[in-house]
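Presented below is the structure to which this report refers.
Note that the structure is a prediction, hence the values are computed from the model and not measured. Values below: all heavy atoms of this structure, side chains included; hydrogens, waters and symmetry mates excluded.
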Amino acid sequence: MASEPVRFLFDGEWIAKPEAGFPMLNRAFRFGDGCFETLRVRGGKILFLEAHLNRLCAAMQVLGFEGEHGNWKEKATFLLSKILQESSPLPHARLRLEVIRIGEGAYRPESDKTHWIVEMKELEADTYLHSQAISLTDFPDFDLSPGPFSGLKLCNALPYVLAARHAKRAGFDETLFWNKGSLVEAAASNVFLLKGHQLFTPPLSSGCLAGVMRNWLLENALDAGLTSVEKEITARDLEDAEAILLTNVVQGLRQVQVYRGLRFEVNPPVLSRILEKLKSNGGIEG
């Protein structure tokens, strides 16, 4: 007797078995079996492209995808260039490059081959260097512990979804992850504290993302007249900071104005030197 065909209900409607790669079948949907990079287009150019490709390749290697670094970089560069060339000229946009494992199966993959997906969304305004100051809170429900996937951007990002949801429901713009009383990162950003002429940020060993903008700021702080220090950061350190900066490659530098009932300095003079360095540096080149 022939077995019953696989059937699916999608929003209450019966549908035939979807094509391979359809969200209900692909492994990113089922298991978070993939990785991604979110890139910023500014002035028609992709910012920090090489840094993004290096981090993407590191994630693909951890996930055991088929291929080698050189081939992965070549394919990623081709796809990103293709979507930019074949779209209307966009001075400001966000690109998402996602790589997922091909096949269905259960936990054991059928293959290590990959699907590559590129998504582009136009950004209406350039807030890269002058974003509005924001409010900040804590995410108390989840300790973000370091592990083998720390520092990478994998498709299983549920803690960050829940943290962002928490911030929205509580009436804040962003929220912080902690681990046993030590700061890790924000839901969508790395965190820097400014005190005098020093910048402090948690080390990668804390479990924070190896952020592209984070790395740029660490490498270029000295040229802006600042000393950068990676160290364990406590709640007291945040309360004693003169300014709090959040960094990610899409939004650039954001300044925190309110945290735990405290108000922090916005647009301190030293920040202008950081922004000038960002403008004149590879930060706004391809």
Side-chain angles (χ1 to χ4, degrees), residues 37-58 73 77 80 91-95 123 126-134 136 150-153 174 176 183-186 188-233 237-238 240-257 264-286:
E37 286 291 321
T38 305
L39 304 94
R40 174 64 189 256
V41 176
R42 188 168 187 267
K45 298 179 180 179
I46 300 175
L47 310 188
F48 306 108
L49 178 58
E50 187 67 18
H52 281 290
L53 296 183
N54 288 336
R55 190 171 61 187
L56 178 73
C57 289
K73 283 188 175 183
T77 302
L80 293 169
H92 307 294
R94 181 180 66 204
L95 296 174
L123 300 177
D126 181 15
T127 58
Y128 190 64
L129 300 177
H130 302 285
S131 297
Q132 183 178 359
I134 65 171
L136 185 64
S150 298
L152 304 175
K153 303 198 77 168
E174 252 282 24
L176 295 179
L183 177 66
V184 181
E185 61 187 349
S189 310
N190 291 111
V191 184
F192 284 84
L193 309 184
L194 178 63
K195 190 170 184 179
H197 286 79
Q198 286 191 310
L199 278 173
F200 301 95
T201 194
L204 293 180
S205 59
S206 70
C208 69
L209 178 71
V212 169
M213 182 63 75
R214 173 189 183 275
N215 187 58
W216 179 89
L217 192 51
L218 287 173
E219 290 182 348
N220 290 275
L222 193 60
D223 290 340
L226 296 169
T227 301
S228 58
V229 180
E230 296 178 84
K231 65 180 286 290
E232 180 181 348
I233 291 176
D237 292 323
L238 269 85
D240 290 343
E242 296 170 12
I244 303 176
L245 302 178
L246 303 186
T247 63
N248 73 36
V249 81
V250 173
Q251 296 169 313
L253 301 176
R254 292 184 295 165
Q255 302 178 71
V256 173
Q257 188 168 44
F264 293 86
E265 186 175 0
V266 176
N267 295 321
V270 69
L271 182 63
S272 64
R273 296 201 295 270
I274 298 174
L275 297 180
E276 285 302 317
K277 179 65 180 175
L278 188 58
K279 290 177 184 178
S280 62
N281 185 269
I284 58 172
E285 296 174 358

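- Annotation: salt bridge (charged side-chain N to carboxylate O under 4.0 Å, His left out) contacts involving residues 191-204, sequence neighbours excluded, are absent.
- To the nearest 0.5 Å, atoms CG (L218) and CG (L226) are separated by 11.0 Å.
- Partners of K231 by salt bridge (Lys or Arg N to Asp or Glu O under 4.0 Å), not counting sequence neighbours, listed by chain and number: D237.
- For R55, the side-chain hydrogen bond (donor to acceptor under 3.5 Å, both in side chains) partners two or more places apart in sequence, or in a different chain, are E37.
- The minimum heavy-atom distance between V212 and F48, with the atom names listed, is CG1-CB, 3.3 Å.
- Summarising the geometry of A210 relative to L204, their closest heavy-atom pair is CA-CD2, 3.7 Å, with the distance given to 0.1 Å.
- Two residues are said to be in side-chain contact when any heavy atoms from C-beta on lie closer than 4.5 Å; E50 and N54 meet this criterion.
- Checked against side-chain hydrogen bond (donor to acceptor under 3.5 Å, both in side chains), Q198 has no partners two or more places apart in sequence or in another chain.
- Closest of all the heavy-atom pairs between P203 and S206 is O-OG, 2.7 Å.
- Contact check for N248 versus L209: no side-chain heavy atoms found under the 4.5 Å cut-off.
- With hydrogens and angles ignored, the 3.5 Å screen pairs no side-chain donor or acceptor of S150 with any backbone N or O of C208.
- The structure places CD1 of I244 at 11.0 Å from CD of Q255, a figure rounded to the nearest 0.5 Å.
- Residues in residues 201-217 take part in these salt bridge (charged side-chain N to carboxylate O under 4.0 Å, His left out) pairs, two or more places apart or across chains: R214-E230.
- Separation of atoms CG (N220) and CZ (R273) is listed at 14.0 Å; rounding is to 0.5 Å.
- Residues meeting the side-chain hydrogen bond (donor to acceptor under 3.5 Å, both in side chains) test with E232, sequence neighbours left out: S182.
- In this structure, CE in M213 is found 7.0 Å from OG1 in T247, a value given to the nearest 0.5 Å.
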